[in-house]
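Read the structure below first, then the notes.
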Amino acid sequence: MDRFEAGWLFDFYGPLLTPHRQQVLRLYLEEDLSLGEIARQTGITRQGVHDALRNAQAQLADYESKLGLLERYRTVHAQVAFCMDCLSRVRPLPGSEAALEEAAQALERIRRV
């Protein structure tokens, strides 16, 4: 699993990890620290950091395989973008401008969720 994917999964499932695994992953993904730097900061060995990262990433992948929240998010995001694109090509009839604008605003609110 690459760092980018791990970051996405951490955003979704990070709170489900133990505080120790959260800390190690946060230092690795968000602070971009090396394994040695994380080891010094957390007081564990470099091998312990490696194991914690591997186990945390496996746990995140397991959550995603069971719950699928990231995949659902990506699907909804893609479909909202598609709808926004389709809506942008619609030429309103007189009197329907407000309804089209409301639909666009509703899609934008969904996109921000």
Side-chain angles (χ1 to χ4, degrees):
M1 167 184 318
D2 66 24
R3 287 172 88 118
F4 185 73
E5 186 71 9
W8 273 104
L9 292 173
F10 186 61
D11 287 343
F12 277 84
Y13 303 110
L16 301 176
L17 298 175
T18 64
H20 174 71
R21 287 184 180 174
Q22 287 179 34
Q23 179 188 22
V24 170
L25 259 180
R26 187 173 297 107
L27 291 171
Y28 181 72
L29 296 172
E30 296 174 5
E31 301 295 326
D32 199 27
L33 298 183
S34 69
L35 273 60
E37 291 168 325
I38 296 169
R40 282 189 295 279
Q41 192 163 335
T42 59
I44 60 176
T45 65
R46 189 179 179 285
Q47 183 62 45
V49 171
H50 179 269
D51 292 344
L53 286 172
R54 187 187 67 234
N55 292 335
Q57 289 176 349
Q59 191 174 1
L60 293 174
D62 186 52
Y63 288 142
E64 177 60 16
S65 72
K66 291 177 180 172
L67 301 172
L69 297 178
L70 178 56
E71 181 60 31
R72 288 180 191 165
Y73 170 82
R74 288 176 169 160
T75 299
V76 168
H77 189 75
Q79 290 302 307
V80 166
F82 176 74
C83 289
M84 291 291 284
D85 180 58
C86 291
L87 202 55
S88 73
R89 292 181 274 128
V90 171
R91 298 299 163 237
L93 297 172
S96 67
E97 297 90 348
L100 285 174
E101 181 59 29
E102 286 177 25
Q105 289 173 2
L107 285 170
E108 182 60 26
R109 284 191 299 272
I110 292 169
R111 188 185 65 78
R112 289 184 196 154
V113 169

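Count residues from 1 along the sequence.
Salt-bridge annotation for Arg74 and Glu5: present, with a side-chain N of the basic residue lying under 4.0 Å from a carboxylate O of the acidic one.
Identified under the ring-ring contact (aromatic ring centres under 6.0 Å, His included) test for residues 33-65, with sequence neighbours left out: Tyr13-Tyr63.
Annotation: side chain of Tyr73 is not in contact with side chain of Val113 (no heavy-atom distance under 4.5 Å). Taking 4.5 Å as the limit, every side-chain heavy atom of Thr18 sits out of range of all side-chain heavy atoms of Gln22. Looking at heavy atoms from C-beta onward, His20 lies in side-chain contact with Ile44 at the 4.5 angstrom threshold. Using a 4.5 Å heavy-atom cutoff, the side chains of Phe10 and Arg21 are not in contact. Between Thr45 and Asp51, the closest side-chain pair of non-hydrogen atoms is not below 4.5 Å.
The nearest pair of heavy atoms linking Arg111 to His77 is CG-CE1, 3.7 Å. Smallest separation of non-hydrogen atoms from Ala52 and Val24: CB-CG1, 4.2 Å. Scanning both residues, Leu35 and Arg46, for their nearest heavy atoms gives CB-CG, 3.8 Å. For Glu37 against Asp32, the heavy-atom pair with the smallest separation is OE1-O, 4.5 Å.
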Step by step, would you call Gln23 with Leu27 a side chain to side chain contact (heavy atoms under 4.5 Å, CB included)?
CA-CA 6 Å; Gln23 179 188 22; Leu27 291 171; 4.1 Å; yes
Run Phe12 and Leu67 through side chain to side chain contact (heavy atoms under 4.5 Å, CB included) and show every step you take.
CA-CA 10 Å; Phe12 277 84; Leu67 301 172; over 6 Å; no
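Judged by the 6.0 Å and 45° rule, Arg3 forms no cation-pi pair with Trp8.
To the nearest 0.5 Å, atoms CG (Leu9) and CG (Leu16) are separated by 11.5 Å.
Here Leu100 is tied into one hydrophobic group with Val76, Val80, Met84, Leu87, Val90, Leu107, Ile110, each link being a pair of ILVMFWY side chains closer than 4.5 Å.
In terms of modelled atom types and a separation under 3.5 Å, the side chain of Thr42 and the main chain of Ile38 share a donor-acceptor contact.
Between the side chains of Asn55 and Gln59, no donor-acceptor pair is found at a separation under 3.5 Å.
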